[in-house]
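Working notes for the structure below.
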Amino acid sequence: MAANNRRMSGKKGAQVGSGGQRRRGLEGKGPTPPAEARKGHKKNRVANAKAKQVQRRPAPRGRGGKGTSEMVVGRNPVVEALREGVPAVTLYVQQFIDNDERVREALQLVAERGGIHLMEAPRPELDRMTNGLNHQGMVLQVPPYEYAHAEDLANAAYDKGEDPLIVALDGVTDPRNLGAIVRSASAFGGHGVLVPERRAAGMTAGAWKTSAGAAARTPVARATNLTRALEAYKKAGLAIVGLAADGDTEVGELAALEGPVVIVVGSEGKGLSRLVGETCDFRVRIPMPGGGESLNAGVAAGIVLYEAARKRS
């Protein structure tokens, strides 16, 4: 009976087959982790807080900065942008869209180019994306343009063993003029185009289209302050040549175009700004026997670039 009572008691003796759990429990667990890695420790909380601050901090921009994302809206503009090779991220097509020739061509161009996402979206979503513009069921998202730094343009020329030939724009606000100048710079051996960050045209989809693909070959740099960028070029040995209707020298007589040079083109209405004009080493004019008052900025830049290329050949 006593033996039976022992079997019925709630006391537990050693159990057979513990699988070595007790032995493993006695084993060491390795070196103590540093305080920063121990959950609940003050230093761990501080480290986590710093990590979150780094995650919230905006990513550093490239040396020349980036433009802003852009939307090309409407069937004809979208097709034209795709034809001209304008960089694109996503083509948004409205659900249940009328499948006309332009829609079919856009879809075919996206398939041929590759790397462009094709998204179907309801009309209200496209209305929201375009702020109510007449998108006709098609919206093309253009990525931000990655601008070069002003120094990069001259350095790229020297890396090729060539004298820099750079065009700087002062107050040119029409993206089509910028695109035309990029195209001319590419055609006549220019090493890049410099634009101010404010109150100036940037590399939009319109500029890309006008450049006819040259924007993929010729870099565009952006300067926070155009006058300081020109002064830095001057210190580096580049001649600063400004185009002005009242210039002292005709463009064909300027020997400075044969060497490292920055050609500065002003706006059609106001020309060169005062500070930029004072920074120029030379002020040249384009002779116009026909008696015109001024030339389009893109045309004027093309003429001077041609003259520079002719003198260098």
Side-chain angles (χ1 to χ4, degrees), residues 60-67 84-87 142-170 172 175 177-197 200-204 207-243 251 254-265 276 279-282 297-298 300-313:
R61 299 193 307 171
R63 294 176 64 197
K66 283 189 177 183
E84 296 297 335
V86 174
V142 178
Y145 181 81
E146 295 189 9
Y147 291 93
H149 189 275
E151 295 176 0
D152 298 337
L153 305 184
N155 291 338
Y158 290 130
D159 289 343
K160 296 178 181 178
E162 301 172 356
D163 287 328
L165 175 58
I166 299 167
V167 181
L169 307 186
D170 179 24
V172 175
N177 273 334
L178 172 57
I181 292 169
V182 171
R183 185 175 183 178
S184 295
S186 178
F188 296 118
H191 298 100
V193 177
L194 176 66
V195 299
E197 187 173 338
M203 283 305 298
T204 63
W208 266 96
K209 285 196 297 182
T210 309
S211 77
R217 304 184 298 273
T218 303
V220 176
R222 190 166 63 174
T224 304
N225 186 293
L226 181 61
T227 303
R228 285 202 294 266
L230 294 176
E231 290 173 347
Y233 278 141
K234 185 185 293 190
K235 290 179 181 178
L238 280 71
I240 311 300
V241 176
L243 300 187
V251 66
L254 187 65
L257 293 177
E258 300 176 13
V261 64
V262 180
I263 301 166
V264 188
V265 182
V276 169
T279 306
C280 293
D281 298 306
F282 306 94
I303 292 172
V304 181
L305 283 165
Y306 166 76
E307 185 63 27
R310 187 183 68 81
K311 289 180 178 296
R312 291 165 178 241
S313 61

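Being a predicted model, the structure only gives us computed values, none of them experimental. We number each residue from 1, following the sequence as shown.
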Quiz item: Yes or no on side chain to side chain contact (heavy atoms under 4.5 Å, CB included) for Leu230 and Lys234, after CA distance, side-chain angles and deciding distance?
Solution: CA-CA 6 Å; Leu230 294 176; Lys234 185 185 293 190; over 6 Å; no
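- Listed by chain and residue number, Leu243, Ile286, Leu295 satisfy the side-chain contact (heavy atoms from CB on, under 4.5 Å) test with Ala300 (two or more places apart in sequence, or in another chain).
- Salt-bridge annotation for Glu307 and Arg310: present, with a side-chain N of the basic residue lying under 4.0 Å from a carboxylate O of the acidic one.
- When atom types are taken as modelled, the side chain of Ser186 and the backbone of Val182 share no donor-acceptor pair closer than 3.5 angstrom.
- Remark: of the listed residues Leu169, Leu226, Val167, Val220, Leu226 is the sole one forming a side-chain contact (heavy atoms from CB on, under 4.5 Å) with Leu194.
- Side-chain N or O atoms of Ser211 include one that pairs as donor or acceptor with a backbone N or O of Trp208 at under 3.5 Å.
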Quiz item: Between Met203 and Leu178, is a side chain to side chain contact (heavy atoms under 4.5 Å, CB included) present by the stated rule, with each step listed?
Solution: CA-CA 8 Å; Met203 283 305 298; Leu178 172 57; 3.7 Å; yes
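- Applying the side-chain contact (heavy atoms from CB on, under 4.5 Å) test to Thr204 and every residue at least two apart in sequence or in another chain returns Glu70, Pro175, Ala207.
- Between the side chain of Asp152 and the backbone N or O of Ala148, no donor-acceptor pair lies under 3.5 Å.
- Looking only at distances, a side-chain donor or acceptor of Tyr233 sits under 3.5 Å from a matching main-chain atom of Ala150.
- Of all the heavy atoms in Leu153 and Ala221, the pair that sits closest is CD1-CB, 3.8 Å.
- Separation of atoms NE2 (His149) and CG (Asn155) is listed at 10.0 Å; rounding is to 0.5 Å.
- For the residue pair Pro164 and Leu238, the shortest heavy atom distance occurs at CB-CD2, 3.9 Å.
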Quiz item: How far apart are the C-alpha atoms of Ile166 and Val193, what are their side-chain angles, what is the distance that settles it, and do they pass the side chain to side chain contact (heavy atoms under 4.5 Å, CB included) test?
Solution: CA-CA 6 Å; Ile166 299 167; Val193 177; over 6 Å; no
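- Taking each heavy atom of Ala297 and Ile181 in turn, the nearest pair found is O-CD1, 4.0 Å.
- Arg183 places none of its side-chain heavy atoms less than 4.5 Å from the side chain of Thr210.
- Legend: ring-ring contact (aromatic ring centres under 6.0 Å, His included) pairs involving residues 178-197, not counting sequence neighbours, sorted by first then second residue: Phe188-Tyr306.
- For the salt bridge (Lys or Arg N to Asp or Glu O under 4.0 Å) condition, the pairs that include at least one residue of residues 208-218, sequence neighbours left out, are Glu80-Lys209.
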Quiz item: Should Ile240 and Phe282 be marked as a side chain to side chain contact (heavy atoms under 4.5 Å, CB included) after you check the CA-CA gap, both sets of side-chain angles, and the distance that decides it?
Solution: CA-CA 7 Å; Ile240 311 300; Phe282 306 94; over 6 Å; no
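- Nearest heavy atoms, Val142 versus Pro87: CG1-O, 3.4 Å.
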Using residues 254-265 as the side-chain source, report each donor-acceptor pair under 3.5 Å to any protein atom, sequence neighbours left out, with the distance given to one decimal.
none

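- Sorted by first and then second residue, the salt bridge (Lys or Arg N to Asp or Glu O under 4.0 Å) pairs with a member in residues 155-169 form an empty list; sequence neighbours excluded.
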